[in-house]
Amino acid sequence: MKALEGVKILDFTHVQSGPTCTQLLAWFGADCIKVERPGVGDATRGQLRDVPDADSLYFTMLNHNKRSITINTKHVTGKEVLERLVKECDVLVENFAPGALDRMGFGWERIQELNPRMIMASVKGFGPGPYEDCKVYENVAQCTGGSASTTGFLDGPPTVTGSQIGDSGTGLHLALGIVTALYQREKTGRGQKVLAAMQDGVLNLCRVKLRDQQRLDHGPLKEYSQHGRGIEFGEAVPRAGNDSGGGQPGWILKCKGWETDPNAYVYFITQAAVWGAICDIIDKPEWKEDEGYATPPARLDKIAQIFDTIEEWTKTKTKFEVMDICNPLNIPCGPILSMKELAEEPSLRDTGTVVEVDHPTRGKYLTVGCPVKLSDSPAEVTRSPLLGEHTEEILTDVLGYGGEELDRIVGSGAVGDVNKAAAE
Ligand code: CAO
């Protein structure tokens with residue numbers, strides 16, 4: 001038995017943020033019924049295509065373990081089918097542009113009328129306020145949630161990060177909101193609205209930067225390397241390059257092979273508790289006793305010089321050798337791993353974090369499996385559905401249509417892309 005077995009999700013999501021949420025719920029055992037527009041489907045099916053006529057990796061990697069039904073929800077018969085689905089399901093998840101669901105005739109009031117137990121969960125770019133009507137994509141959220149202004153180097157422009165904190169991050173927040181609402185429903189019997197705004201999600205992940213904003217009122221941020229370099233702070237939290245977010249100075253240092261390998265680097269933290277061990281491995285034992293280096297406050301104005309000295313040592317070792325030497329000494333460090341290295345890492349394959357999946361039209365591909373492991377509810381990754389692959393199955397098995405009624409629905413043109421042949 002899976003943790004969310006028996007929970008039916010009406011998955012109205014598209015692109016990235018919503019699909020990452022429902023994919024997680026599907027991995028935890030929910031029956032995830034993805035509703036897509038006939039003939040079109042989720043726009044990502046065709047985006048960044050690498051194999052002609054096959055669903056893109058963008059789509060397949062975000063929609064595992066789901067079933068696909070195609071319904072034109074603006075068609076009168078399509079609305080009839082959708083109403084049946086609303087009555088049948090526990091959770092509706094959507095990330096349409098603001099107002100799209102109301103225009104479709106399925107706003108919160110109507111959903112409650114149809115199914116008072118329904119949990120209606122939405123990703124939007126912004127919460128209520130001046131920007132609530134805006135369409136939002138990943139980088140817009142990174143910029144408006146405080147990530148971009150605090151990422152990059154002091155002398156460079158604001159920078160977006162490669163991790164999809166706006167989309168996948170908000171999907172995670174929404175998934176937590178949904179299971180919490182399901183838990184509350186156990187006691188109240190009522191559904192509720194769950195909103196995860198991308199700006200809020202990003203700001204939540206940038207919590208330590210709002211911490212620093214307030215600390216700035218009480219003096220310079222001494223752990224920022226900018227302080228050690230004697231550069232004054234302005235009014236807002238600055239970009240801190242590769243400084244660590246905590247109190248322990250850290251930086252990215254070159255390792256052996258850096259001249260040709262763009263990822264021959266290691267993140268190195270000069271944790272106060274292991275300062276002596278660091279001095280030993282870099283052959284500066286005198287720094288252990290030297291008043292100018294012995295304590296963290298004494299080192300603050302020499303951080304750049306200290307990291308330059310440590311780098312002279314790391315440059316003589318590969319990033320993995322640095323890790324092997326430092327780990328037994330409890331010196332925190334981490335090699336900069338490329339996507340190629342991660343894709344090939346056997347331990348990630350062993351744990352199911354990186355999984356190979358077979359797909360009928362695109363063949364084998366790698367994906368990231370469920371990043372949260374439940375001992376009593378292991379996630380098995382199954383391929384994403386083809387467009388409309390389960391339309392007939394859902395109409396009959398979930399909604400109970402049959403005989404002439406089924407013929408009427410299928411004949412109306414409101415459902416389509418019964419893509420069974422391709423799947424077989
Ligand atoms: N049948 C008929 N119509 C359908 C349908 C179906 N099965 N599914 C969707 N549609 C319609 C919607 O009703 C909407 O129509 P109207 O504009 O006439 O109301 C239309 O398709 C397009 O929906 P959309 O506005 O959500 O899509 P978009 O491509 O224009 O915008 C996005 C995409 C992501 C910017 C927008 O959905 C959004 O801001 N979502 C919220 C924030 C979010 O999740 N952003 C992250 C996306 S991942 O980077």
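Atoms within a ligand are numbered from 1 in the order they appear, just like the ligands themselves.
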Do the rings of Trp27 and His64 sit parallel, tilted or perpendicular, given the 30° and 60° boundaries?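 Parallel, since the angle between the ring planes stays under 30°.
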Please verify the inter-ring angle class for Phe307 with Phe268; under 30° counts as parallel, over 60° as perpendicular, anything in between as tilted.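 Ring orientation, 0 to 90° scale: perpendicular.
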Would you give the length of the straight line joining atom CG of Leu85 to atom NZ of Lys87, rounded to the nearest 0.5 angstrom?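 Atom-to-atom, Leu85:CG and Lys87:NZ are 11.5 Å apart.
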To the nearest 0.5 Å, what is the distance between OG1 on Thr391 and CD on Glu36?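 Rounded to the nearest 0.5 Å, the OG1-CD separation comes out at 9.0 Å.
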Contact partition for [X] relative to ligand 1, non-hydrogen atoms under 4.0 Å:
X: Ile71; result: backbone
X: Met104; result: side chain
X: Arg37; result: both

Any N or O of [X] closer than 3.5 Å to N or O of ligand 1:
X: Asp167; value: yes
X: Ala97; value: yes
X: Cys134; value: no

Should the heavy atoms of other residues, nucleotides or ligands under 6.0 Å from [atom1] of [X] be counted, would the total exceed 12?
X: Lys193; atom1: NZ; value: no
X: Phe233; atom1: CZ; value: yes
X: Glu113; atom1: CD; value: yes

Under 6.0 Å from the six-membered ring centre of Tyr224 and within 45° of its axis: does the NZ or CZ of Arg229 meet both?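 Not satisfied by the 6.0 Å and 45° rule.
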Could you tell me, atom by atom, which parts of ligand 1 come under 4.0 Å of a heavy atom of [X]?
X: Asn72; result: 1 (N), 2 (C)
X: His14; result: 26 (O), 27 (O), 33 (C), 37 (O)
X: Val123; result: 41 (C), 44 (O)
X: Glu36; result: 7 (N)
X: Gln16; result: 48 (S)
X: Val15; result: 47 (C), 48 (S), 49 (O)

Sorted by first residue and then second, give each ring pair (Phe, Tyr, Trp, His ring centres under 6.0 Å) pair with at least one member in residues 332-358; sequence neighbours left out.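 Those involving residues 332-358 do not exist here.
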Identity and distance of the protein heavy atom lying nearest [atom]:
atom: atom 40 (N) of ligand 1; value: Asn95 O, 2.9 Å
atom: atom 33 (C) of ligand 1; value: Tyr137 OH, 3.4 Å
atom: atom 28 (P) of ligand 1; value: Lys135 NZ, 3.5 Å
atom: atom 19 (O) of ligand 1; value: Arg103 NE, 2.7 Å
atom: atom 9 (C) of ligand 1; value: Phe96 CE2, 3.4 Å
atom: atom 18 (O) of ligand 1; value: Lys74 NZ, 2.7 Å
atom: atom 45 (N) of ligand 1; value: Val136 O, 2.6 Å

Give a yes or no on whether the backbone of Gly156 and the side-chain of Arg239 come within a donor-acceptor separation of less than 3.5 Å.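 Here the side-chain-to-backbone pair exists.
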With side-chain hydrogen bond (donor to acceptor under 3.5 Å, both in side chains) as the test, pick out the partner of Asp90 among Arg117, Arg185, Lys8.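 Result: among Arg117, Arg185, Lys8, Arg185 is the only option passing the side-chain hydrogen bond (donor to acceptor under 3.5 Å, both in side chains) with Asp90.
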Ser17 near ligand 1, heavy-atom distance under 4.0 Å?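 Judged by the 4.0 Å heavy-atom criterion, Ser17 does count as contacting ligand 1.
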His75 heavy atom under 4.0 Å from ligand 1: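 No, that is not the case, since the closest heavy atom of the residue is not under 4.0 Å from the ligand.
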So, Thr361 versus His359: side-chain donor-acceptor pair below 3.5 Å or not?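 Distance-only check passes for Thr361 and His359.
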Compare Thr73, Thr70, Thr13 and give the one whose heavy atom is closest to atom 1 (N) of ligand 1.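 Selected option, by shortest heavy-atom distance: Thr73.
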Salt-bridge test for Lys254 and Glu312: reply yes if a basic N is under 4.0 Å from a carboxylate O, no otherwise.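 No, this pair does not count.
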